[in-house]
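Before any comments, here is the structure.
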Amino acid sequence: MAVQRPRIPYGRQLIEEDDIREVVDCLRGDFLTQGPRVRGFEDALCEATGAAHAVAVCNGTAALHLAAVALGVRKGDIGVVPAVTFLSSAHCLRYCDADVEFVDVEPDTGLVSLASLETTLRDLGARGRSPKVVVPVDLTGQPADWSRVNTLARRSGARVLLDAAHSLGATAEMGGAAKRVGESGADAVTLSFHPVKHVTTAEGGAVLTNDEGLYRDLVELRTFGMHKDPARFERDASDPFVGPWYYETKVLAFNYRLSDIHSALGSSQLKKLSRFVGRRREIARAYDAALDAPPLRGRLSPLRRHAGRESAYHLYVAQVADAGSVESTAAERRKLFLHLAERDIHCQVHYVPLPWQPYYRALAGSDGGVGREYPGAAGYYAASLSLPMFPRMENAEIDRVIEALRQWAE
Ligand SMILES: *Cc1c(COP(=O)(O)O)cnc(C)c1O
């Protein structure tokens, strides 16, 4: 008879009693939304990331959309996005009616390929279609090459929107110092607080920026595009229709606010960021050691790590060995996924390449992207499997995953 074993997911939240108390306190207070806890959470985000400004919003996708609008992405503009990321990194540009140009990724990290980025930017420039924005993604939690991406993007006149949904707590060496996501040099940086991410607000996200003007625009765009600044009113202050209640809007914008309830949870969770990331790194070291020893050595490998970059391990991706073709490698990866699922270990695959999605394939014809190939993305996707990785994972659960991996390899 099969032994029932508790299910191990690939990721899940860790909510503790003090988190619950903060939420309950908020519910007992005066403000459920637009109160002091939102600002408190934003201040804590600045503290944790090194950013000058943070704008909390209702989810990470809204953060990307708001940032794209604030960076001036409009109909007919082009945004450059790596071929392997979550849908939102590209959808945010489509919400602005902009065209998406995908670039290939490194097959052994999933991070944007600088060679592919450089070629794509050059090709776009030659067609007189320089992009408005480049969207690097710190896939799995390892920072992309922030300084090179910033340089290449700006050389072609583009602004940089960093999707840091995976990398809160990561650092990358720039100019001899370890920089956090808020110090990446991007114009805007977005975070997500979905329960599988480093800290959670249930649903939630944020945009970080060091640009004062961009910050003011983001705040206004978050709340319908309303403002109460008399200096910018079209009506004169002496107008009887104007008074302390008066507001104006010049743009069509959104209600993308985060509530005080969510912010209370976020502030409480954020205090634990270094403990949570520390535990993620411990789990990564345990997987590393297992993958570097028989029978797994040569069968399953960790992603390549770039020197000077410390991953925050939103994901621990292991890659099955090249089986001769992407199809055979993908078949081997599927076998491993199913082998683990049979043992109640529920991994994930992050992500199906975006250019493969029917939605983006249907669009490719209109943007000259026809026939472009993404061998790095195909190779990355074929081999990759995200092993369970979450701060409340117990040592016995890590052992169970490693034991199941060894059974597959033997
Ligand atoms: C989680 C995630 C988002 C957005 O997340 P929401 O679920 O909208 O909060 C965006 N990009 C990446 C890479 C993500 O992993």
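Every number for a ligand or one of its atoms is a count from 1 in the order of the listing.
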Numbered atoms and elements of ligand 1 in range of [X], under 4.0 angstrom, heavy atoms:
X    : answer
Y351 : 15 (O)
T61  : 4 (C), 6 (P), 8 (O)
G60  : 4 (C), 5 (O), 6 (P), 8 (O), 9 (O)

Among protein heavy atoms, which lies nearest atom 15 (O) of ligand 1, and at what distance?
->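 Result for atom 15 (O) of ligand 1: H166 NE2, 2.8 Å.
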
Nearest-0.5 Å distance that lies between atom OG in S184 and atom CG in D145 =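 Those atoms lie 11.5 Å apart.
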
At a 4.0 Å cut-off, with the gap strictly under it, does some heavy atom of F193 reach an atom of ligand 1?
->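 In this structure, F193 fails to qualify as a contact of ligand 1 - no heavy atom is under 4.0 Å.
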
So is K197 close enough to ligand 1, meaning a heavy atom under 4.0 angstrom away?
->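 Checking ligand 1 against K197, which is what was asked, there is a heavy-atom contact under 4.0 Å.
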
Does D163 reach ligand 1 with a nitrogen or oxygen that is under 3.5 Å from one of the ligand's nitrogen or oxygen atoms?
->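 Yes; the residue has a nitrogen or oxygen that sits under 3.5 Å from a nitrogen or oxygen of the ligand.
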
Taking both backbone and side-chain atoms of L64, is any N or O found less than 3.5 Å from an N or O belonging to ligand 1?
->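 Between L64 and ligand 1 (N or O atoms, distance only) the closest approach is not under 3.5 Å.
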
Please indicate whether Y247 has more than 12 foreign heavy atoms, meaning atoms of other residues, nucleotides or ligands, lying under 6.0 Å from its OH.
->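 Count not over threshold, so no.
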
Assess R281 against F276: is NZ or CZ under 6.0 Å from the centre of the six-membered ring, and within 45 degrees of the ring's axis?
->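 Checked: cation-pi criterion not met.
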
Carboxylate-amine/guanidinium contact E332 K335, below 4.0 Å =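 Here E332 pairs with K335 in a salt bridge, since their nearest N and O are under 4.0 Å apart.
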
Under 4.0 Å from ligand 1, counting heavy atoms only, is it the side chain of E203, its backbone, both or neither?
->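 Under 4.0 Å from ligand 1, E203 contributes no heavy atoms.
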
T85, portion touching ligand 1 at heavy-atom distance under 4.0 Å =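 The side chain, only.
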
Do Q269 and D19 have a side chain donor and acceptor closer than 3.5 Å?
->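 Q269 vs D19: donor-acceptor pair found between side chains.
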
Under the salt bridge (Lys or Arg N to Asp or Glu O under 4.0 Å) rule, what pairs show up with a residue in residues 68-78, not counting sequence neighbours?
->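 Salt bridge (Lys or Arg N to Asp or Glu O under 4.0 Å) check on residues 68-78 returns D77-K132.
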
Could you point out which residue of Y381, Y351, F102, Y374 forms a ring pair (Phe, Tyr, Trp, His ring centres under 6.0 Å) with W356?
->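 Single ring pair (Phe, Tyr, Trp, His ring centres under 6.0 Å) partner of W356 among Y381, Y351, F102, Y374: Y381.
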
Quick one: which of A206, A164, P195, S192 has a heavy atom closest to atom 5 (O) of ligand 1?
->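 Result: the heavy atom closest to atom 5 (O) of ligand 1 is in S192.
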
Worked verdict on V320 versus W408 for side-chain contact (heavy atoms from CB on, under 4.5 Å) | CA-CA 11 Å; V320 301; W408 161 79; 4.2 Å; yes

